[in-house]
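Worksheet: the structure to be examined is printed underneath.
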Amino acid sequence: MARTGFCDSRVLLDRKTDEGRFPLRAWANACSVRERGVLSVGEEQKQQHEADVTEHRWVQQLPLLAEDGIIMEIAQQNRSVVPAVEPYEEEAVLKHLHGLQLGHMLRDLVPELVYREIERAMSKLGLLYDRTYTWDVFSDMMKSQQHLALLSSELPKPFTETTCAILVDWLIQVHEAFNFSEETLYLAVHLLNRVLRQIKISISNLQLVGVVCLFLAAKKEECLLPEVSELCYLMANTYSRKQLLRMERRVLCTLKFDLSHTPPIHFLLLSAYIARCSEKVICMARYLLELSLLEAKCVCFFPVQLAAAALRLARYLIQEPHTPESEAAWCIASTIYLGSEATLFTIMHIMASGAAQAHNQETRATFVKFSTKETLYVSLHPALKNAPCLLSLHT
Amino acid sequence: MLGELDGVETPQPQWFHTLQVRRLRAQRGRSNSDPLGGKNFQPEFQWNTGLQFGTTNSYLNLEKLGEGAYATVYKGISRINGHLVALKVIRMKTEEGVPFTAIREASLLKGLKHANIVLLHDIIHTRESLTFVFEYVQTDLAQYMIQHPGGLHPWNVRIFMFQLLRGLSYIHSRRILHRDLKPQNLLISYLGELKLADFGLARSKSIPCQTYSAEVVTLWYRPPDVLLGSTDYSTALDIWGAGCIFIEMLQGAPAFPGVADVFEQLVKIWRVLGVPTEESWPGVSELPNYKTEWFLPCKPQQFRDVWKRFAQLPYKTEDLAQQMLTMIPKERISAQDALRHPYFNTLPPPVMQLRDTVSVFKVPGVRLETEVSDIFSPNRRMKSSLVPHGKCW
């Protein structure tokens, strides 16, 4: 049935999956204080271990390229979904009933005020078609980011963080030239990060992979698509159209056609709307969030974490007079988060040092983009230069 | 899938086609309805566990089912496990790579696992073509209605509607609109399982890109707000289509069969629901295609006066139809609420609590009734005992 938010019985009842999952703070708050998840050292180590295991799995799953076709494993995963003839699964139904009740409880545990704020914000932002489905859509957004999360921020051999940052910086410029939506950029970089960690790419093909990821993201999100020849022209015709299309095929097979992604910008706008942030704070947060695309260390964080960190840092940087109303609104907005305070501050520190360096880096596209009048000159804000110090004061 | 084949004549009805093949094989050596009869596939037909998914030679094309705008659909068989499959072969535009419709469809379907959504088994990607391997479903609602003219059995309509709304509720709660509902896109299995197919036009919505191309829904199933030029699409778009299909199943004829253009289509709707005014529908006069002088004043009518079948059925049937075919999109019932409508009270209660991937036919007491037209032609009668519970079904 539709109401399956987080209430899928398998997820909730299976202790194994539960361990790796951070409780959503809104629910944690609603339940009890001790439910609130602060990542202990032991857990972090365990996560590291899990990451290692998954890496090994990727090595095994490298897709084989054959001359006539490219092998994919979707169906092998699906095989269990097509059982011969199941008997009436009373047990499963009962189990699910149990799960359903839990699901309703989860929904009921979220304070009505938070729920109504989320609903208002989502319909305002056009993330909803119908208020009936607020909870489903919201919990689907929350759940889907775990599905494709990258567990390790490490890059495969020939690439360094700098090479990737240069590529992403160039992609940001191309993206801007085509006037694409922000989602497209976040999707493109997400795809790029996934591809680089799954197949072996030679350094000479790196730019090609980047463009192909942007092209695929545009095919998924945009109404107007660039032509292949235009893309080749942008790369100074280093690669032929044939090469580009062949790479597209390779990338699609690597990703197994799964291009779903919840962009962090959605979470950012959602929280910012609930917190009634000013234009300037939102713009600053967008700037910080976009800068995080250049940081290789940021790839293993969930979109919701990146968004929350960007917004929080933006609020520190742009000190606005706090009223009781704005504090209350911020309080509600900050419940939309998944993870520990420690993680949040880790990300904020990465963002702060990135932002402090942004003006004298080689990768300046984002800096330039956010230094115009339309973007309220946020990247030129004086507080950014000593953002790391400012942040240390707060912690 | 079959849904691709708008207006394309398929050579023969697909209904129970394969079952007949089984029965007739002893008597007939070779026939067009028996794709295996003529050739000896024995040596190739060893289910080969060494074969892998994702390669062309893992599947055998049996026959062409039809041709659509950007794809050709074949019936095929998997050489790995013997499952019947539908192969949707997408022509690759050499200019621009993989068509964006294919990318969106595959990406969406990979995230959707539901008993009432067609299942994507596999994707084969070669230099020349892109093939989606779907589960094989015997027929679609359009053909089912052709084979059972004069309206379907009310009980079966209830089961079909429940499944349709269940599928819609699932995709709507994932921010996905189907946007192209019509009987050809609703596949029906031998048991009566209904599956939504053809998600080429669907896409999950993101914030900035709200301009969709205008020509998406087949005119007959388009809601008045879209016909009037509104581009503010929502889940109500699919609900209107489902409501039209509801009436078509009961009545045996399309609810609003317009012929020529948007305006004729609108007049068909006004004849039943009345001409909207600024009082009855605030904001209607601001829609691009709204022109007062074109519409003769019509009064809203009772559904039972327009579609006679409603008069023979309990009032709740008409009530549900009325709530689905409400003029103002915001007031149209949602799929989730429609599932809780008293109309479905006669179904066994466990159907409300099924897991996503469990079909409603797993609940005891849910089975299709024999259609009236089948009583007179017993060969086509649906008897579940006749159907072997084999894998390939």
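The sequence lines fix the lettering, A, B, ..., with proteins before strands; numbering per chain opens at 1. The structure displayed is predicted, hence computed values, not measured ones.
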Task: Interchain contact, B:Ala115 with chain A, by part (heavy-atom threshold 4.5 Å) - done: neither
Open item on the list: Apply side-chain contact (heavy atoms from CB on, under 4.5 Å) to residues A:Leu127 and B:Arg175 and explain how you reach the verdict.
Closed with: CA-CA 8 Å; A:Leu127 288 169; B:Arg175 248 188 332 150; 3.5 Å; yes
Task: CD (A:Glu230) with more than 12 external heavy atoms under 6.0 Å - done: yes
TODO: Would you mind checking which part of B:Leu109 comes under 4.5 Å of any heavy atom in chain A, side chain (CB onward), backbone (N, CA, C, O), both or neither?
DONE: neither
- [ ] Considering only heavy atoms and a distance below 4.5 Å, find which of B:Pro99, B:Ala106, B:Gly111 pairs most often with chain A.
- [x] B:Ala106
TODO: Work out which heavy atom in A:Asp140 is nearest to a heavy atom in B:Arg174; give both atom names and the distance.
DONE: OD2-CG, 3.6 Å
Task: Spacing of CG belonging to A:Leu259 relative to CD1 belonging to B:Ile103, to within rounding of 0.5 Å - done: 6.5 Å
Task: Approximate separation, where rounding is to 0.5 Å, of A:Asp136 CG and B:Ser169 OG - done: 7.0 Å
Task: Interatomic spacing from NZ in A:Lys256 to NE2 in B:His125 - rounded to 0.5 Å - done: 15.5 Å
Open item on the list: Looking at B:Glu96, is its backbone amide N or carbonyl O close enough to the side chain of A:Glu227 to form a donor-acceptor pair, meaning the two atoms are under 3.5 Å apart?
Closed with: no
Task: Non-hydrogen atoms of A:Lys220 and B:Ser107 that approach each other most closely - done: CE-OG, 3.7 Å
Open item on the list: Classify the ring geometry of A:Phe257 against B:Phe132: parallel below 30°, tilted from 30° to 60°, perpendicular beyond 60°.
Closed with: perpendicular
- [ ] Decide side-chain contact (heavy atoms from CB on, under 4.5 Å) for B:Val98 and A:Glu248; before the verdict, give the C-alpha distance in whole Å, the side-chain angles of both, and the deciding distance to 0.1 Å.
- [x] CA-CA 8 Å; B:Val98 182; A:Glu248 179 190 63; 3.4 Å; yes
Open item on the list: For A:Arg249 versus B:Thr126, what's the shortest heavy-atom pair and its separation?
Closed with: CD-O, 3.6 Å
TODO: Check each atom of A:Leu244 against the heavy atoms of chain B and say whether the ones under 4.5 Å are side chain, backbone, both or neither.
DONE: neither
Task: Toward chain B, the part of A:Pro263 with a non-hydrogen atom under 4.5 Å - done: neither
Task: Smallest separation among heavy atoms of B:Gln336 and A:Tyr133, with atom names - done: N-OH, 3.2 Å
